[in-house]
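What follows is a single structure, written as structure tokens, with notes after it.
Letters A, B, ... mirror the listed sequences (proteins, then strands); counts begin at 1. The figures that follow rest on heavy atoms only: side chains count, while hydrogens, waters and symmetry mates do not.
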Amino acid sequence: MTLHLYNTLTRSKEPFEPLEVGHVRMYVCGPTVYDRAHIGNARPAVVFDVLARLLRHLYGRLTYVRNITDVDDKINARSVESGEPIGELTARTTRFYHEDMAALGVLPPDVEPRATEHIGDMIALIERLVVGGHAYAAEGHVLFSVPSMDDYGQLSGRSRDEMIAGARVEVAPYKRDPADFVLWKPSPPELPGWDSPWGRGRPGWHLECSAMSERYLGQSFDIHGGGQDLIFPHHENEIAQSRCAHPGSGFARYWVHNGHLMVEGEKMSKSLGNFFTVHDLLDQAPGEALRLYLLTAHYHQPFDWRAEGLAQARATLDRFYRALERVAEVPLPEAPVVPEGVLAALADDLNTPLAISRMHDLAGALNRAGTVEEQGRLKAELLAAGELMGLLGEAPEAWFRRGLKAGAPDAAHIEAEIARRAEARKGRDFATADAIRDALKAQGIELLDSAEGTTWRVVEPDAG
RNA sequence: GGCCGGGUGGCAGAGUGGUCAUGCAGCGGACUGCAAAUCCGCGUACAUCGGUUCGAUUCCGGUCCCGGCCUCCA
């Protein structure tokens, strides 16, 4: 099965071929750690987590690098504002990020480099650029000379002239060309800074990804990912830095960008009050539901985050887990199974909505299955599909009984009531049976009868 | 202004040059003491106007809307 990916560089869907047989290398732009991750930060993390799982499945070995940006003017500003020292702010925010991503079922990347630990690599990169005539020092700054690169602008598809025509280009007096961008800038004593040949200073934003991707993945690697808003200027400038520092190197070959996220049809922003952090949303729904919801639209499309959509994602997981719960005792086949339909959907440029619909097909077939062998096979396929997507990792019972609140009846009490009700039903005393069921329902416990007996689950009043 | 990406049934959301998306919601039925779940069946959907074609939601062009980016926002 051949993976196809939409490559921003060529604006077309291409068959994927790793540079090295059996080993894929991927770099994804990670968070700037100055605040809790919002749901828009979660989308690329989840999308590229699915891609990472797929790459490991298809090619065996993956080196996945996702950085932590811990030197940045937004961090400095937040620290000044709150009084919290920068080191504590970035360490705390990084910890929160890890917790939130884990709740979303996002596996850790293989390498998670911090910018502040690679300043030496960045300085070395700047020196190469200066020697090669692609960068120059001016007033304590070092700038990348955009006119020094013949084919600048390939990724974003814009010419230098077009950029200069843009009204928002601020031309600092020390720039030789309006399009030039900062590689290194001076730091006053109160801000983080490192000694360099150009004085005490700190790196420009684009530099860290060039330096760290080279350190861990080499001068040429397979996939570079991030949000669509990073295409310009961030990724364009990364390409400029890396390829001019190492003439002849290819840098990243496939550029994969996820679409942006809106909330209830509006652009997400703090002023509109529709700014959701992952942490807040985890109070409203299980992380797995947030994750599934993010995967219900193709990664390339804009995503409109809506409360109703989240409830639907949760209902979808209820359906999958119900199908699995019904065959909880059915053994899995010995040989590993591959869910071909789901795999094919994901291999086609990560078509997660189609993959989910094929998981629905599997769940429906599992509900209809007549023999234990068939049930075992379909159960295994659904679970394997879930693993590729980072879903269905819980025991069905745990899924349905999550959120059992303090003060609610405990499991032993519920089981005793179920037994009492079974006696009543046996004696066809349905009034008593229904009274027991209603009483538990009022306490947030729902009883479900089936041919095999009665099970229970926690009712989520906020599920609608 | 420039560069991108879109407009699919009540909702979400894939896909395709010519009988099927899928899920939720709705309607009917089976099953059930009743619920719930599950199963079966049911919908003249593809912004608009032209063009190409035996045939277009799908290809081409115009129009109208919507969204993103255009120097540090995933």
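Remark: A:R368 is in phosphate contact with B:C40, judged by side-chain N or O atoms under 4.0 Å from OP1 or OP2. Contact between the side-chain N/O atoms of A:N258 and the OP1/OP2 oxygens of B:A74 is not found at any separation under 4.0 Å. A close approach under 4.0 Å does not occur between any side-chain nitrogen or oxygen of A:N237 and OP1 or OP2 of B:C72. Neither OP1 nor OP2 of B:A35 sits under 4.0 Å from any side-chain N or O of A:R437.
In summary, A:D72 and A:R202 do not engage in a salt bridge, as defined by a charged side-chain N under 4.0 Å from a carboxylate O. Checked for salt-bridge contact, A:E397 and A:R457 miss the test: no charged N lies under 4.0 Å from a carboxylate O. With respect to the salt-bridge test (charged N to carboxylate O, under 4.0 angstrom), the residues A:R306 and A:E264 do not qualify.
Put simply, the side chain of A:R425 and the base of B:G33 share a donor and an acceptor less than 3.5 Å apart.
Judged by ring centres under 5.5 Å apart and planes tilted less than 30 degrees, A:H260 stacks against the six-membered base ring of B:A74.
Across all strands, A:I356 comes closer than 4.0 Å to no nucleic acid atom at all (heavy-atom distances). At a threshold of 4.0 angstrom between heavy atoms, the contacts of A:R322 are confined to the sugar-phosphate backbone, with no base atom among them. If you check every strand for non-hydrogen atoms under 4.0 Å, A:R202 touches nothing.
For B:U44 and B:G10, the P atoms lie 12 Å apart once the distance is rounded to whole Å. Straight-line distance between the C1' atoms of B:U16 and B:C59: roughly 12 Å, to the nearest whole Å. Here, B:G13 and B:U19 have their C1' atoms 23 Å apart, quoted to the whole Å. Rounded to a whole angstrom, the distance from the P atom of B:A14 to that of B:U71 is 30 Å. Comparing the C1' positions of B:A12 and B:G1 gives a spacing of 35 Å, expressed to the nearest Å.
Between A:A315 and A:P233, the residue whose closest nucleotide on RNA chain B is further toward the 5' end is A:A315. Mapping A:V182 and A:L354 onto RNA chain B by nearest heavy atom places A:L354 at the nucleotide closer to the 5' end.
Contact of the A:T2 side chain with the A:P15 side chain is registered, since non-hydrogen atoms from C-beta on lie closer than 4.5 Å. In this structure, the side chains of A:R243 and A:D151 come closer than 4.5 Å at one or more pairs of heavy atoms. Put simply, the side chain of A:H38 reaches to within 4.5 Å of the side chain of A:N41, judged on heavy atoms.
Residue A:E238 contributes atom CD, which lies 12 Å from atom C1' of B:C72 at whole-angstrom precision. Atom CG of A:N367 is separated from atom P of B:U22 by 16 Å (rounded to the nearest Å). Taking atom CG of A:D229 as the reference point, atom C1' of B:U71 lies 13 Å away to the nearest angstrom. Across the protein-nucleic acid pair, A:D348 atom CG and B:U16 atom P stand 8 Å apart, rounded to whole Å. Between the CD atom of A:E452 and the C1' atom of B:A37 there is a distance of 12 Å, rounded to whole Å.
In RNA chain B, consecutive stretches of 3 or more Watson-Crick or G-U wobble pairs with both distances under 3.5 Å are given as paired ranges: B:1-7 with B:64-70, B:10-12 with B:22-24, B:26-30 with B:38-42, B:47-51 with B:59-63.
Side chains of A:T455 and A:E325: no donor on one and acceptor on the other come within 3.5 Å. Using a 3.5 Å distance cut-off with no hydrogens or angles, the side chains of A:E112 and A:N67 do not pair a donor with an acceptor.
Considering only the side chain of A:F232, B:C69 comes nearest among B:C69, B:C34, B:A12.
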